[in-house]
Amino acid sequence: VALSKHGWLKQKLISILSTSLQLKYVSLGVLVLQTTSLVLTMRYSRTLQAEGPRYLASSAVVCAEVLKIVACMLLVFRDHSFSVRALNRVLKEEIFNKPLLTLKLAIPSGIYTLQNNLLYVALSNLDAATYQVTYQLKILTTALFSVSMLGKSLTIYQWLSLVILMTGIALVQWPTEVTSITKQEDLTASSQLMGLLAVLVACFSSGFAGVYFEKILKESKQSVWVRNIQLGLFGLIFGLGGVFVYDGERVRENGLFQGYNGLTCTVVALQALGGLVIAAVITYADNILKGFATSISIILSTLISYFLLEDFDPTSVFFLGAMLVIAATFLYGYESTPAVSPAKV
């Protein structure tokens, strides 16, 4: 009987390990698919020549916030055994009965709304590959804010990775030689500068908002889905304000959903649900797998930008910079000692 029980436990352990391994690779696939598809579809939707007005980035941000709120409410509804009464109780207790804690989330929510709008600006002016590599600068900003706001310590490998990261991004942005100066080239240079500035501001906003949100999560015991509902509600308010301040006249002329099509809806869905999917699967994906996902996504974005979108002409300097960024991503996730926890990125 003892031998039989031992054999059963062994089989059970093997089954658990096999399932865990499968979940890790599923997580890797989901991370790669979400990251790559969002960047490429957003870039394609902002450069596609179509009849009629182009969709408003501010409108897409608002729609993404609405979809995020609905998705998080459904997740909270599921976590409480599909009870409407329990859902109402949780929302009332955590959102309306704790106004000070709820108001704290207005800060990261406003920054996230700004960041989401900036990503549309960036991908309207930069190819997907350059955007993907440059956006990894958020690792640096997140690390610095984690040290200053949360008091985290970084290992020597992580500090080294940040230096390598900065070097790689500098090489990616290294100007290429031009044979002639024309008005079109001046416009292109101006457009690329605008895209670069948008990415840089988005990286700093992402780092600060992410660390601020992490600090709030550590100070409370409520689920991340409820916190995302609070973020979404403020994001909806800020987003609507942005629509009417910057695009109010265009909305009055052609409506809030002008230029929407299937591709636009895909972009909105990926932006809204992408973060939630990552939050759900990141439990099974360690830092090494996150590095793999980032690396594969950069490579795929480069290949698709070159062969399909035809808006990117890679140089040897770009490839060197991209390789350094990929190496820095892996090195940052390397845990030399279990005593130091890596910064969340």
Side-chain angles (χ1 to χ4, degrees), residues 24-40 115 119 122-123 126-147 152-174 196 199-200 202-211 214 274-275 277-279 281-305 312 314 316-337 340-345:
K24 279 191 173 186
Y25 286 108
V26 169
S27 301
L28 172 63
V30 171
L31 287 171
V32 171
L33 180 63
Q34 190 276 331
T35 305
T36 308
S37 58
L38 174 60
V39 171
L40 292 173
Q115 175 191 336
L119 296 186
L123 282 165
L126 292 176
D127 59 83
T130 303
Y131 163 83
Q132 276 277 66
V133 177
T134 308
Y135 194 49
Q136 298 312 308
L137 187 64
K138 66 183 179 180
I139 297 175
L140 171 65
T141 60
T142 302
L144 296 179
F145 282 120
S146 294
V147 171
K152 288 189 175 183
S153 299
L154 301 183
T155 67
I156 185 64
Y157 295 102
Q158 290 173 323
W159 284 115
L160 178 60
S161 72
L162 296 180
V163 175
I164 297 174
L165 177 72
M166 288 295 295
T167 304
I169 291 176
L171 289 175
V172 166
Q173 295 297 332
W174 195 267
L196 176 60
V199 173
L200 293 178
C203 286
F204 277 95
S205 64
S206 174
F208 176 79
V211 173
E214 180 182 349
V277 170
I278 292 176
V281 303
I282 207 66
T283 306
Y284 309 104
D286 55 23
N287 283 314
I288 302 301
L289 281 182
K290 287 170 65 179
F292 267 114
T294 301
S295 304
I296 295 173
S297 181
I298 290 174
I299 294 170
L300 286 177
S301 298
T302 302
L303 293 175
I304 294 175
S305 290
F312 175 62
S316 56
V317 176
F318 175 88
F319 277 118
L320 176 59
M323 290 302 102
L324 288 177
V325 170
I326 291 172
T329 303
F330 277 105
L331 186 59
Y332 189 85
Y334 176 75
E335 298 180 7
S336 58
T337 58
V340 181
S341 59
K344 183 179 179 181
V345 295

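Since the structure is predicted, the reported quantities are computational estimates derived from the model, not experimental observations.
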Flag, side chain of [X] to backbone of [Y], donor-acceptor distance under 3.5 Å:
{"X": "S37", "Y": "Q34", "result": "yes"}
{"X": "Q136", "Y": "V133", "result": "no"}
{"X": "S206", "Y": "C203", "result": "no"}

In Å, rounded to the nearest 0.5 Å, how long is the span from [atom1] of [X] to [atom2] of [Y]?
{"X": "L33", "Y": "I296", "atom1": "CG", "atom2": "CD1", "answer": "12.0 Å"}
{"X": "L126", "Y": "L119", "atom1": "CG", "atom2": "CG", "answer": "11.0 Å"}
{"X": "L324", "Y": "L320", "atom1": "CG", "atom2": "CG", "answer": "5.0 Å"}

Are [X] and [Y] close enough that some pair of their side-chain heavy atoms sits under 4.5 Å apart?
{"X": "L162", "Y": "L154", "value": "yes"}
{"X": "T35", "Y": "Q132", "value": "yes"}
{"X": "L137", "Y": "V199", "value": "no"}
{"X": "V325", "Y": "L165", "value": "yes"}

Task: F204 CZ: over 12 foreign heavy atoms closer than 6.0 Å - done: no
Task: Neighbour count above 12 (heavy atom, 6.0 Å) for M323 CE - done: yes
Open item on the list: Applying the side chain to side chain contact (heavy atoms under 4.5 Å, CB included) criterion to V39, which one of I298, I304, L123 satisfies it?
Closed with: L123
[X] versus [Y], closest heavy-atom pair with distance:
{"X": "T134", "Y": "Q173", "value": "OG1-NE2, 2.7 Å"}
{"X": "T302", "Y": "A129", "value": "OG1-CB, 3.5 Å"}
{"X": "G207", "Y": "T141", "value": "CA-OG1, 3.7 Å"}
{"X": "Q115", "Y": "Y135", "value": "NE2-OH, 2.7 Å"}
{"X": "T130", "Y": "D127", "value": "N-OD1, 2.8 Å"}
{"X": "I326", "Y": "S295", "value": "CG2-OG, 2.9 Å"}

Task: Those residues that, when tested against T36, pass side chain to side chain contact (heavy atoms under 4.5 Å, CB included) (two or more places apart) - done: V32, L40, S297, L300, S301
- [ ] Please list, chain by chain and in numerical order, all residues satisfying ring-ring contact (aromatic ring centres under 6.0 Å, His included) with F208, sequence neighbours excluded.
- [x] F145, Y212
